[in-house]
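Letters A, B, ... are given to chains in the order of the sequence lines, protein chains preceding strands, and every chain is numbered from 1. Side chains are part of it too, since the values below use all heavy atoms of this structure and drop only hydrogens, waters and symmetry mates.
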Amino acid sequence: MTNREVAWILNVMADMLELKNDNPYRVKAYRKAARTVYHLDEDLRDVYLRNAVGEIPGIGSRMRDQIEEMLETGSCNLFAQLRHEVPQGLLDMLSIPGLGHKTIRNLYQELGIDNLEELAAAAEAGQIRTVPGMGAKTESNILKGIDLLKQSREKTTLGLAAPAAEDFSRHIRRAPGIVAISPVGSVRRGKPLVGDIDILVAAEDFNNVRAQVVSYGQVQDISRVGIDYIQGLLQHNMKFEVIMVKPEDYYHSLTWTTGSKEFRELVFRGRDRNHLQGMESEEEVFEHLGLQYIPPEMRENRGEIEKARINGLPVLLKPSDIIGELHVHTDWSDGAHNLQDMASMAQKMGYCFLAITDHSQSLHISGGLSPKRLRDQGQAIDELNQEFKEFTLLKGSEVDILKDGNLDYHDDILQSLDLVIASVHSHFKLDAKQQTARIIKAIENPYVHIIGHLTGRLLNRRPPYELYVDQILAAAYEHQKVLEINAHPDRLDIDEDIARKAAQMGIKIAINSDAHDGKGLQLLKYGIMTARRAWLREKDVINTWELDRILDYFHH
DNA sequence: GCCGTTTTCGGCCCGACTGTTTTCAGTCG
């Protein structure tokens, strides 16, 4: 059992206990243990072998016994017992925004509703409003929530789909006679939401490939098998298709299957793909198509084909251009790891600098720093910096933009920092005019350097807030403020459209992982893909600049 | 459930919004 799987079970146990109206602090203990296990650097199995599971903070003797039971048997007694007592449908209902454990238990007791279908039917029939404390508004929110849930089941975030595609590819590659393999489709193009995972395989003998695909442990279902393809379902409801071609057909098929559909139809229009057999690379395919090589992230028919005809594509930002990172959290607020850990992880990534930007005081729930703690943290950073060679930790803050557009620290505190990211974490439902004015006020503050996750969207969970983006871009340009591409795969905010527009105006972009633990730094790659989808070049992105130049830009 | 130790019991980040009420419970971040 992996750490993730243990964490998942602990979380489900917390949900089930909560639905049973168990002691809220017991529930909290399970959630905390889940979070700790999830962020743990070491494999739990190794901790277990050292007999040290009970030494993990937040894990006492009872939690330890259950985790050890999971590692030994794949489950635990309490989990099995709760599964028996709490219908799965109640857990499904928890993912509807606005429905918590109390409401769900109430609906279960009053109306006997224990799954989403019954819930939807009851809402449509106007039965929900007969329950005390619930009205027409709740009914319509439930229907909206179920709709959103259905939509989110259609597509998976890139952060889940891309690693799944890579793991699956690694498994298939082990079959004998595989000549080449690659994830293709929207995963390869770096789209934030992925409908299905496509994998292209080149081999002489397709039988081996088929057998290898079917043997993969994550495959839940095989829905169709053709001469040269297999379709089915992976865990987490992810659809997949494995496409098999002969080795001589690999590279033109790579271009074909990477898409997008519109792109490929235009590029291959009037072409016989048989004439493209035997190529040695995708570059060669493009050459034969009479085009400059177009990177996968650009293949959306948004002007790239025309540019490629005249050899006029921009040179896109590459992962290796990135030399530092400007937005991470530590255990001073809601991060899992301490300053040293985050610094050494950044050094391992080859970075020259890392900005520590914990939450500000208003964000109580996330352990926001009081002015004093912020000062103390600054001192700790100064001390650490003494030890580093050719690496610098920056003193920063992700400061809350308050409802009225004021910031959560006084200007003199902000002024003392190397870097200030201003972000919205509350009052998501202001109207567009108020929300825009609020953010523009933050942009106008001379001590703010970057605006974090501008639109606040959470993919598959929450739409962006109402905003007049053009007005904000104009203000950001006027005040020379940097916009963040938040690289967390649940956000990817700002999106490629806003980023492209911003860069065209001359607004600089920071790609930030918003990491809450060491591993989180690696999520930057999704932000880089978004930047490439936005046609950003090295010079548009400040993570590629020398530190002096960045600080100069901030404090000009 | 966990934790600490002047307490092995009694605490355990909390403030704001939403929808339902007419003073508040539930949810969320």
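- Residue contacts shown for A:Leu78 are limited to sugar-phosphate atoms, with no base heavy atom under 4.0 Å away.
- Checking B:dG1, B:dG15, B:dG19 against every side-chain atom of A:Lys137, the shortest atom distance belongs to B:dG19.
- Inter-residue side-chain proximity for A:Glu325 and A:Leu521 is flagged as met; some heavy-atom pair is nearer than 4.5 Å.
- Between A:Asn106 atom CG and B:dA25 atom P there is a gap of 14 Å when expressed in whole angstrom units.
- Taking side-chain N and O atoms only, A:Ser362 has no distance below 4.0 Å to OP1 or OP2 of B:dG15.
- Atom P of B:dT23 sits at a distance of 25 Å from the matching atom of B:dC28, rounded to the whole Å.
- Comparing the P positions of B:dG26 and B:dT20 gives a spacing of 14 Å, expressed to the nearest Å.
- Here B:dG29 is the nucleotide among B:dT20, B:dG1, B:dG29 with the atom lying nearest to any side-chain atom of A:Arg462.
- Between A:His425 and A:His427, a ring centre-to-centre spacing not shorter than 6.0 Å is recorded.
- The nearest whole Å value for the distance from the CE atom in A:Met134 to the C1' atom in B:dA25 is 12 Å.
- With respect to A:Lys372 and A:Asp376, a salt bridge is recorded, a charged nitrogen being found less than 4.0 Å from a carboxylate O.
- Annotation: cation-pi pair A:Arg462/A:Phe428 present, NZ/CZ under 6.0 Å from the ring centroid and within 45° of its normal.
- The side chain of A:Asn141 contributes an N or O atom lying less than 4.0 Å from OP1 or OP2 of B:dG19.
- Contacts of A:Leu17 with the nucleic acid, taken as non-hydrogen atoms under 4.0 Å apart, are absent.
- Atom C1' of B:dG11 sits at a distance of 16 Å from the matching atom of B:dT6, rounded to the whole Å.
- Between the C1' atom of B:dC2 and the CG atom of A:Asp65 lies a distance of 14 Å, rounded to the nearest Å.
- Distances were taken from every side-chain heavy atom of A:Phe428 (C-beta onward) to each of B:dG29, B:dG1, B:dT27; the shortest belongs to B:dG29.
- A:Tyr25 comes within contact range of at least one nucleobase, with a heavy-atom separation under 4.0 Å.
- At a threshold of 4.0 angstrom between heavy atoms, the contacts of A:Asn23 include nucleobase atoms, whether or not backbone atoms are also involved.
- The nucleotide whose nearest atom lies closest to any side-chain atom of A:Thr103 is, among B:dC17, B:dT27, B:dG1, B:dT27.
- Rounded to whole angstrom, the span from the NZ atom of A:Lys403 across to the P atom of B:dG15 amounts to 17 Å.
- Using a 4.0 Å heavy-atom criterion, one finds that A:Ser61 contacts the sugar-phosphate atoms exclusively.
- Among the atoms of the strands shown, only primed sugar atoms or phosphate atoms (P, OP1, OP2) are found under 4.0 Å from some heavy atom of A:Lys429.
- Candidate nucleotides B:dG1, B:dG19, B:dT27 were compared by shortest atom distance to the side chain of A:His101, and B:dT27 ranks first.
- Distance, A:Ile128 CD1 to B:dG26 P: 16 Å, rounded to whole Å.
- A:Ala136 comes within 4.0 angstrom of sugar-phosphate atoms only, judged by non-hydrogen atoms across all strands, and of no base.
- Along DNA chain B, the nucleotide nearest A:Lys102 and the nucleotide nearest A:Pro132 are compared for position; the residue whose nucleotide lies closer to the 5' end is A:Pro132.
- To the nearest angstrom, C1' of B:dA25 lies 13 Å from CG of A:Asn21.
- Around OH of A:Tyr477, the count of heavy atoms belonging to other residues, nucleotides or ligands within 6.0 Å does not exceed 12.
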Evaluate the criterion side chain to side chain contact (heavy atoms under 4.5 Å, CB included) for residue pair A:Tyr526 and A:Thr530; output intermediate values, then yes/no. CA-CA 6 Å; A:Tyr526 301 116; A:Thr530 297; 5.7 Å; no
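- Rounded to an integer number of Å, the gap from CZ of A:Arg31 to P of B:dC13 is 15 Å.
- When the P atom of B:dC13 is taken as reference, atom CG of A:Asp331 falls 16 Å away, rounded to whole Å.
- Residue order along DNA chain B, read from the 5' end via each residue's closest nucleotide, puts A:Lys28 first among A:Gly135 and A:Lys28.
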Result block: side-chain N/O donor-acceptor pairs under 3.5 angstrom for residues 334-342 of chain A, not counting sequence neighbours:
unit_1, atom_1, unit_2, atom_2, d
A:Asp334, OD1, A:His359, NE2, 3.4
A:Asp334, OD1, A:His516, NE2, 3.3
A:Asp334, OD2, A:His359, NE2, 3.3
A:Asp334, OD2, A:His516, NE2, 3.2
A:His337, ND1, A:Gly518, N, 3.0
A:His337, NE2, A:His39, O, 3.4
A:Asn338, OD1, A:Gln340, N, 3.3
A:Asn338, OD1, A:Asp341, N, 2.8

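- B:dC3 and B:dC13 are spaced 15 Å apart, taking the C1' atom of each and rounding to whole Å.
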